[in-house]
Novice: 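Got a structure for you, questions after.
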Amino acid sequence: MTEVAQPFAELGLKDDEYQRILEILGRRPTDTELAMYGVMWSEHCSYKSSKVHLRQFADNAPSSEAMLVGIGENAGVVDVGDGLAVTFKVESHNHPSYVEPYQGAATGVGGIVRDILTMGARPIAVMDSLRFGEAEAPDTKRLVQGIVAGVGGYGNCLGLPNIGGEVGFDPTYAGNPLVNALCVGVLPHDRLQLAQAKGTGNVVILLGAKTGRDGIGGASVLASATFDDESPTKRPAVQVGDPFAEKVLIECCLELFDAGLVTGIQDLGAAGLSCAFAETAAHGDGGMHVELEKVPLREASMVPVEILTSESQERMLAIVEPANVAAVLALCEKWGALATVVGTVTDTGRLVITWHGETVVDVVPGSLADDGPVYHRPIQRPDLEQDALAADSSASLPRPSTGEALRETVLRMAASPELCSRRWVTEQYDRYVMGGTVLAMPHDGGVVRIGDDTSRGIALALDGNGRFAKLDPHDGAQLNLAEAYRNVACAGATPLAVTDCLNFGSPEDPAVMWQFAEATRGLAEACRALGTPVTGGNVSFYNQTGATAINPTPVIGVLAVLDDVAKRVPSGFGREGEHVIALGETADELDGSAWAWVMHGHLGGRPPAVRLDAERSLAALLRRAAADGLVASAHDLSEGGLAQAVVEAALINGVGATIEVIGDPFTSLFSESAARAIVTTDDAEALLALAGEHGVPATRLGVTGGDAVVVSDLFDLGLDELRAAFEGTLPALFG
Amino acid sequence: MPRVIVDVMPKPEILDPQGQAIARALPNLGFDNVTSVRQGKRFEIEVADGGDPLEVARLAAEAMLANPVIEDFTVHVAPD
Amino acid sequence: MPRVIVDVMPKPEILDPQGQAIARALPNLGFDNVTSVRQGKRFEIEVADGGDPLEVARLAAEAMLANPVIEDFTVHVAPD
Amino acid sequence: MPGAAGSLGPVSASITVGVVTFPGSLDDRDAARAVRAAGVQVIRLWHGDADLHGVDAVVLPGGFSYGDYLRGGAIARFSSVVGEIVAAAGAGLPVLGICNGFQVLCEAHLLPGALVRNAGLRFVCRDQVLAVENPSTSWTNQYAAGEQILIPIKHGEGRYVADAVVLDELEQSGRVVFRYVGDNPNGALNNIAGIANEAGNVVGLMPHPEHAIDELTGPSSDGLTMFASLLKALVAA
Ligand SMILES: Nc1ncnc2c1ncn2[C@@H]1O[C@H](COP(=O)(O)OP(=O)(O)O)[C@@H](O)[C@H]1O
Ligand SMILES: [Mg+2]
C-alpha cells in the first residue's frame with residue numbers, strides 16, 4: 001500500500017467494511033465519501049446487527065387490512081376509517097440524554113415528531129417512556145429533572161399533548177438512562193407522503209434551520225459504540241432544540257402537502273443530509289446532484305464532511321417539481337421558514353455532490369442507504385447466570401400474613417419510587433392542547449379524538465418492564481406487549497398495531513444478542529397471536545456502562561381505535577356504590593414482581609405466565625362492555641397487582657372501596673399474573689354474564705364508596721393517608 | 001461585601017435559538033443594522049468576606065451556574 | 001464589527017426564584033460563604049458599522065430586551 | 001351556558017370574533033372551537049394583518065408566540081395585528097388574552113404588571129379552581145360574583161407581578177377578575193389569575209377557558225360561560 005491509510009477506524013468502520021467500500025467504488029473513497037459510509041453504515045443508521053432479527057416482524061406479521069404502510073418507511077400507517085389514517089412510532093434518544101439531559105430529551109421528541117410529519121400526518125400527541133438509575137442515587141436527580149423538563153419543554157412549545165408514558169428506576173440504568181419518545185399523527189389517505197426523490201429534473205429543497213456543527217457523527221459515535229467518558233474528543237457538539245422552528249416547520253409542511261406542492265419529503269435525523277440525500281435518491285429514480293455550497297450554514301467555515309454529517313435539528317428535505325418551486329418558497333416565506341434549492345433529481349443512478357464545482361461525492365445512493373453490512377452476530381445464552389437467576393425464585397422471601405403487615409406492605413409499595421404517583425412528572429406536560437384529549441395521565445391509556453368533526457378516536461399505551469425481560473427476554477417482551485394491549489383495551493378501544501423501541505446492551509456481547517434474539521422472537525409471536533402487527537420502531541444498542549448492560553428493555557406501544565370517544569372508559573372509580581369486579585385468573589406469580597423488588601430488592605425466578613388467549617378474550621370483553629356502556633371504570637392489573645390497582649383507582653377521584661380477597665390474601669393482593677383487570681359497574685349481573693360469554697373468569701370483589709380502601713377482615717387504609725404516601729415521594733426526591 | 005459577576009454564554013458552535021429569535025425580530029422594530037444577537041445568563045453573586053470571591057465564583061460556575069457541555073463562562077468582580 | 005453587551009437584571013424588589021434556588025443549592029456543594037445570587041440575562045449584540053452601537057443597544061433594550069416593569073438594564077461596549 | 005348562547009342565535013349570526021394566530025400560537029384552533037361552541041362566528045387573524053376585518057371582539061390565544069424564549073409576548077407585542085388591537089381596545093373592542101395572550105396584553109401595556117417565571121420554576125399543567133371576582137366585564141357577565149369554576153392551567157411563566165401601587169389600584173377598582181383558589185400554582189401576587197383594564201373590555205388570564213367547554217375533553221364546561229358572556233355583551237351593545 002503506497003498511499004497513506006485512510007482513517008476509517010476513527011469513523012467507526014471495521015476493516016472488512018472498509019474493504020467493501022473499496023470494492024463498491026472500485027477506488028479509494030474521498031474523505032467525504034468515507035465519512036458518509038461511516039455514518040450510514042453505523043449500527044444506529046444501518047441496523048446491521050438487528051436486521052436479521054427484525055425481519056420476523058414483517059415475515060410473521062398477522063394479516064391486517066388496516067395496515068397501509070408497514071415497516072421500512074419512516075413510520076407505519078394504519079387505516080382508522082372515514083378516509084383517515086394514523087401513523088405512530090417510538091424512538092430512543094438515550095445516549096444524547098445522558099450527555100445533556102434537557103437537550104437530549106428535547107431533541108428526542110423533536111426527532112420522532114418529524115418522522116411522523118414526514119408521512120404527511122399532522123402530529124396529534126406524544127408519549128414518553130423513561131428509565132433512570134435508583135431514585136435515591138446521586139446522579140438520578142440531575143437526569144430526572146433535565147430529561148423531564150426537556151420532554152415537556154419541547155412538546156409543550158410544539159403544542160402537542162402528552163397523553164401518557166412511564167417512568168422506571170433500576171440500578172442498571174444508572175449510567176445509561178432510557179428516553180423513548182412516541183409520536184402519533186393523523187392524515188387523510190390521499191395526503192400520504194413518501195421519502196422518494198422521483199422525477200428527473202425535480203428540485204431538491206432544504207427546509208428549516210441552518211446547518212451547524214451540531215452532533216457531527218452523533219448517530220455513529222454516540223449510539224453505535226460503548227460510550228466512555230475517557231474520550232471527550234469523541235463527543236460531538238450537543239444538539240440544541242428549537243421547538244419554535246419545528247412548530248413552524250410542521251405548519252409549513254402541512255400546507256405544502258395539502259397544496260400538493262411536494263412529490264417527496266424526508267426528515268433530517270441521524271446522519272443528517274447524508275441520510276436524507278442517500279435514502280430519497282435510492283428510493284426514487286436513483287440519481288441526484290447536490291450543490292453542497294448552497295446549504296445555508298450557521299458557521300461559514302464548515303467543510304463538506306461536516307455539512308453532510310451534521311445533525312442540526314428542525315430540517316426537512318423536499319422534492320419539488322420545477323413548476324412548484326416558486327409556490328413552495330413563497331409558502332415558506334409566509335411562515336418565516338428558510339427554504340433553499342440545493343440540488344436536482346437525475347437519472348444517472350448516482351448521488352453526485354459537488355462543492356463549489358468540485359465533485360466530493362460520486363456514489364450509487366443505494367450503496368449507502370441499503371447495501372450496508374448485515375451481521376449475524378454470535379448468540380449465546382449465558383447459561384450459568386441465566387439458570388442461577390431462574391433458580392433464585394421469590395418463594396423463599398418472607399411474606400406478610402397479618403392484616404397489619406399487609407397494610408404496611410400496601411402503603412410502602414404505594415409510596416415506593418417504583419409505584420408512586422407520576423404526577424410530579426406529568427404535571428410538567430401539557431395534556432390539553434389541541435382540545436382532543438379525552439383520557440391522559442393517570443389513566444391506563446391515552447385517548448385522543450382524531451378530529452373536530454368526528455367522534456372517532458385512538459388510544460395508546462406504552463409499556464416496557466425490563467425486569468421480566470431480564471428473567472426471560474422472550475416472555476418478558478410478550479408480557480410488555482400484553483400490558484400495553486391490556487391498557488388500551490381497558491380504555492374500551494380495539495387494538496390495531498404495535499410500535500417498539502428495543503433498548504439493549506452491546507450487540508458484540510453474545511449474551512446481549514441472545515436477549516435481543518429472544519425478545520424479538522417473542523414479540524413477533526405475540527403480535528401474531530394478538531393480531532396486531534409491528535408497524536415500525538427503533539433499536540438502541542450499546543446501552544451499557546463498561547461491561548454491565550441495562551436490563552433488556554423492549555418498550556412496546558399499542559395503538560387502538562374507538563368509534564366513539566364518548567364511550568371511553570376511565571381508570572378511576574367513578575361514584576359510590578359501583579360493583580367492583582375482578583377479571584382474569586390469579587396464580588401465585590411473584591417472581592420479578594414489584595413486591596419482590598420494593599420490599600426485598602429481589603429479582604429472580606420465572607416471570608408470570610404469558611396468556612395471550614386470555615388477553616384476547618379479556619380485551620374483547622372490555623371492548624364490548626365499554627360499547628354497551630356497562631362499565632364505569634376499568635384498570636389493568638400490572639405492577640403491584642390488585643392492591644396497587646385498587647389504590648390507584650380509588651385515588652383518581654377520591655372514591656374508596658370495600659373489597660374482600662378470595663383465597664390467600666397475600667397472593668390475591670400482590671401477584672402479577674397477566675391478563676387481569678378490575679372493572680366497576682352498576683349492573684354486576686349483566687357484566688358477569690357477559691364475562692361468561694367471553695370465557696373470562698369474573699369475581700365480585702366488593703363495592704366502591706367511602707374515604708378508605710377497606711379489605712374486609714384485614715385492614716383499612718384511609719384515602720388521605722394513602723394519597724400522602726402515593727403523592728409525596730417524587731416531589732420529595734426531585735423537588 | 002464583595003460582589004462577583006459570572007457571565008455564561010452558549011458556546012460559539014452551539015445553536016442559540018433565543019438569540020436568533022431576537023435577531024429575527026429586531027429589524028421589524030427598525031433595528032436593521034443589528035447583525036447578530038446571542039443570549040446568555042448573568043449572575044450576581046455576593047460572597048461573605050474571607051476566601052477569594054473570584055475563586056468561589058469560578059468554582060460555583062463550574063459546579064452549577066454553567067453547563068460545560070453547551071456553555072462557556074467568565075467571572076469578574078462587579079464594578080461598583 | 002462593534003460588539004455591545006446588554007445586561008438585564010431583575011429589579012431588586014422583584015422576587016428572583018431562579019437566583020434563590022441556586023443560592024439554596026450552593027451550600028450543599030460546599031459553597032457556604034455565598035450569601036446571595038441573582039440571575040439575569042446577558043445579550044451580546046453585533047451592530048453593523050454606522051450609527052452609534054451603544055445607542056442602538058439601549059433602544060433595543062428599552063423596546064424589547066428588558067421589561068421595565070420587572071427588569072433594569074445596562075449597556076456597554078464588549079471588552080475584546 | 002351553551003343554551004343561553006344558542007338562544008341568542010339569530011342575533012349572533014352577524015357577530016364575529018377574531019382569533020389571532022402568531023407563529024408559535026398553539027391553542028388558537030382551540031380558542032376558535034370554544035367561540036363557535038358559544039354560537040359565535042370566528043374570523044382567523046394572522047399576525048401580519050394590519051386590519052381586524054371588522055371583528056366585534058378579539059381573542060389572543062395561548063402558545064409560545066415566536067418561541068417566547070426571551071419573555072412571553074415580548075416579540076408578539078410588536079406584530080402588526082397587535083398594533084391594530086391596541087388601538088381598537090382603546091375604543092372599547094372586547095379583547096380576551098389567554099395565557100400567552102395575557103402575556104402579550106401586559107407586554108403591550110393594555111394591562112398593567114407582568115407575568116414571570118413560576119415560583120416553582122417548573123411548567124405546571126393541572127385543573128385549577130378559580131373564583132370569579134368580577135362578574136361585570138365583557139367576558140364574565142354570565143358568571144355569579146364569587147362563583148368558583150374549574151379551568152385547566154398550563155404555563156411556565158404565569159406568576160403575576162406588579163408594584164404595590166398597581167396592585168392596590170387593581171384591588172380597589174375591582175379589576176382582579178379571577179383568583180386562584182386553594183394552592184397558588186405559580187406564586188402570583190394576591191393569587192391573581194386574571195385582570196381587566198379600567199373599562200372592563202380587555203381581560204387577560206393565565207387559565208385556559210377554551211379547554212373547559214365540555215366534560216369530554218376538559219375538567220368541566222365552566223369555560224364556555226366566558227364566551228357566552230361575550231356574546232351577551234355584544235348583543236346588549
Ligand atoms: N414519562 C411519562 N410521561 C407521560 N405520562 C406518564 C409518564 N410516566 C407515567 N405516565 C402516566 O402516569 C400514569 C401511571 O403510570 P404507570 O403506573 O406506568 O401506568 P400503568 O401502570 O397503567 O402502565 C399512566 O397514565 C401513565 O401514562
Ligand atoms: Mg403500564
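Keep in mind the model is a prediction, meaning the values are calculated, not measured. Throughout, protein chains are lettered first and strands after them, A, B, ... in sequence-line order, and every chain is numbered starting at 1.
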Novice: Output the residues of residues 71-89 of chain D for which the shortest heavy-atom distance to chain C is under 4.5 Å, in residue-number order; output 'none' if no such residue exists.
Specialist: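 At a heavy-atom separation under 4.5 Å, chain C is reached by D/R71, D/A74, D/I75, D/R77, D/F78.
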
Novice: Anything in residues 150-162 of chain D with a heavy-atom distance to chain C below 4.5 Å? Please list those residues in order.
Specialist: D/R159, D/V161

Novice: Heavy atom to heavy atom, less than 4.5 Å: which residues from residues 12-19 of chain C reach chain D?
Specialist: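 Contacts with chain D: C/I14, C/L15, C/P17, C/Q18.
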
Novice: Tell me, for C/K11 versus chain D, whether the close heavy atoms (under 4.5 Å) come from the side chain, the backbone, both or neither.
Specialist: neither

Novice: Does atom CG of C/D52 have more than 12 heavy-atom neighbours from other groups under 6.0 Å away?
Specialist: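 More than 12 heavy atoms, drawn from other residues, nucleotides or ligands, come within 6.0 Å of this atom.
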
Novice: Where is the tightest heavy-atom contact between D/E107 and C/N67, given as atom of each residue plus distance?
Specialist: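 The pair with the smallest heavy-atom distance is OE2-ND2, 3.3 Å.
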
Novice: Does anything in residues 110-139 of chain D reach chain C? List residues with heavy atoms under 4.5 Å apart, or say none.
Specialist: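 D/G113, D/A114, D/V116, D/R117, D/N118, D/A119, D/L121, listed by number.
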
